[in-house]
Amino acid sequence: MTSSCIFCKIVDGRIPCYQVYEDVETLAFLDIHPWSLGHTLIIPKKHFATLDVCPPKTMAAIARAMPKIAQAIMAATETTAFNVLNNNRREAGQLVDHIHFHIVPRVADDRIFSHGPQGEYAENQAEALARAIQAGIK
Ligand code: 5GP
Ligand code: ZN
């Protein structure tokens, strides 16, 4: 718990939320400013800032919860599609520094997200990059 973290305050009940799911390790609640109706955030109850520092056990708990929450969101919003989004650090758009996964129900042509510009790799660049990443995985 960090005393200034908004999501820790939600876990502690010091800030209200519209909760949709809870288990021992995770909590899910409606985003206060939804991109679409039913836009939900799934968080671990324990504070970790970003995905790269989140322990596998905690990630596993989030992964366990996500399919059933997504199914229930689609049923309640009468949608059949959704995105999962996780922003890590400011450059990536993270505003709340407590790891969270957005589940955003989608309908055709809602224009909530679009694909970014797609690049190309220079010759040998992809191979070198893949090797570098592979070598860095502990
Ligand atoms: P981020 O940009 O960090 O991935 O997204 C943070 C999300 O948290 C935003 O979509 C924002 O609307 C949501 N949010 C921020 N403060 C609160 C809050 O107090 N309650 C709820 N339910 N959502 C919040
Ligand atoms: Zn927190």
Side-chain angles (χ1 to χ4, degrees):
M1 205 276 283
T2 67
S3 56
S4 61
C5 172
I6 292 173
F7 288 175
C8 282
K9 288 180 184 171
I10 287 177
V11 170
D12 289 351
R14 288 181 286 149
I15 290 181
C17 72
Y18 290 103
Q19 183 178 315
V20 303
Y21 176 79
E22 178 177 25
D23 61 34
V24 175
E25 290 180 270
T26 72
L27 183 69
F29 51 88
L30 296 182
D31 193 294
I32 203 166
H33 296 304
W35 299 335
S36 63
L37 297 183
H39 177 178
T40 294
L41 302 174
I42 305 177
I43 68 170
K45 289 182 173 174
K46 202 168 164 197
H47 182 97
F48 299 101
T50 56
L51 184 146
D52 49 301
V53 297
C54 192
K57 178 177 176 292
T58 304
M59 288 301 300
I62 292 169
R64 262 196 306 276
M66 208 173 268
K68 54 192 171 190
I69 296 171
Q71 285 174 15
I73 291 170
M74 286 190 288
T77 58
E78 298 181 348
T79 54
T80 55
F82 64 94
N83 292 104
V84 172
L85 179 70
N86 163 238
N87 300 323
N88 294 280
R89 305 198 174 90
R90 293 292 172 273
E91 298 90 328
Q94 184 177 15
L95 298 174
V96 177
D97 293 336
H98 180 133
I99 184 177
H100 52 280
F101 290 80
H102 300 255
I103 298 185
V104 184
R106 300 293 307 276
V107 295
D109 302 320
D110 61 17
R111 295 168 172 260
I112 292 174
F113 299 112
S114 61
H115 289 278
Q118 290 184 296
E120 305 284 343
Y121 283 110
E123 206 179 328
N124 302 326
Q125 195 181 21
E127 190 182 346
L129 198 50
R131 279 186 203 279
I133 295 168
Q134 225 178 67
I137 296 174
K138 308 282 188 286

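Starting from 1, each residue takes its place in the sequence as its number. Ligands are counted one by one from 1 in listed order, and the atoms in each one are counted from 1 as well.
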Any idea which protein heavy atom is nearest [atom], and the distance to it?
atom                    : answer
atom 19 (O) of ligand 1 : Ile6 CG2, 3.5 Å
atom 2 (O) of ligand 1  : Gly93 O, 2.8 Å
atom 1 (P) of ligand 1  : His100 NE2, 3.1 Å
atom 14 (N) of ligand 1 : Ile32 CG2, 3.8 Å

Kindly confirm or rule out an N or O of Trp35 lying under 3.5 angstrom from an N or O of ligand 1. no
Ignoring angles and geometry beyond distance, decide whether His39 reaches within less than 3.5 Å of ligand 1 through its nitrogen or oxygen atoms. no
Just heavy atoms, cut-off under 4.0 Å: does [X] contact ligand 1 by side chain, backbone, both, or neither?
X      : answer
Leu85  : neither
Phe101 : neither
Leu30  : backbone
Phe29  : side chain
Leu95  : both

Measuring from the Zn ion (ligand 2), name the closest N, O or S atom belonging to His98. ND1
Nearest N/O/S atom of His47 with respect to the Zn ion (ligand 2), by atom name, please. ND1
Would you find more than 12 non-hydrogen atoms of other residues, nucleotides or ligands less than 6.0 Å from [X] atom [atom1]?
X      : atom1 : answer
Phe113 : CZ    : yes
Arg90  : CZ    : yes
Ile112 : CD1   : yes

Using atom types as modelled and distance alone, determine if a side-chain donor or acceptor of [X] lies under 3.5 Å from a backbone N or O of [Y].
X      : Y     : answer
His100 : Ala28 : no
His47  : Ser3  : no
Lys68  : Met66 : no
Thr26  : Ala61 : no
Glu25  : Ala60 : no
Lys45  : Asp23 : yes

Distance filter under 4.0 Å to [X] heavy atoms, resulting ligand 1 atoms:
X      : value
Ile10  : 20 (N)
Asn87  : 1 (P), 2 (O), 4 (O)
His102 : 1 (P), 4 (O), 5 (O), 7 (C), 10 (O)

Steps toward side-chain contact (heavy atoms from CB on, under 4.5 Å) verdict (Tyr21, Ile42): CA-CA 9 Å; Tyr21 176 79; Ile42 305 177; over 6 Å; no
Out of Asp31, Val96, Thr40, whose heavy atom sits nearest atom 7 (C) of ligand 1? Asp31
Check the orientation of His39 and His102. Use parallel for under 30°, tilted for 30 to 60°, and perpendicular for over 60°. tilted
Give a yes/no verdict on whether any heavy atom in Asn86 is under 4.0 Å from an atom of ligand 1. no
Is Cys17 close enough to touch ligand 1? Criterion: a residue heavy atom under 4.0 Å from a ligand atom. no
Does any part of the side chain of Ile6, heavy atoms only, come nearer than 4.5 Å to the side chain of His98, both counted from C-beta? no
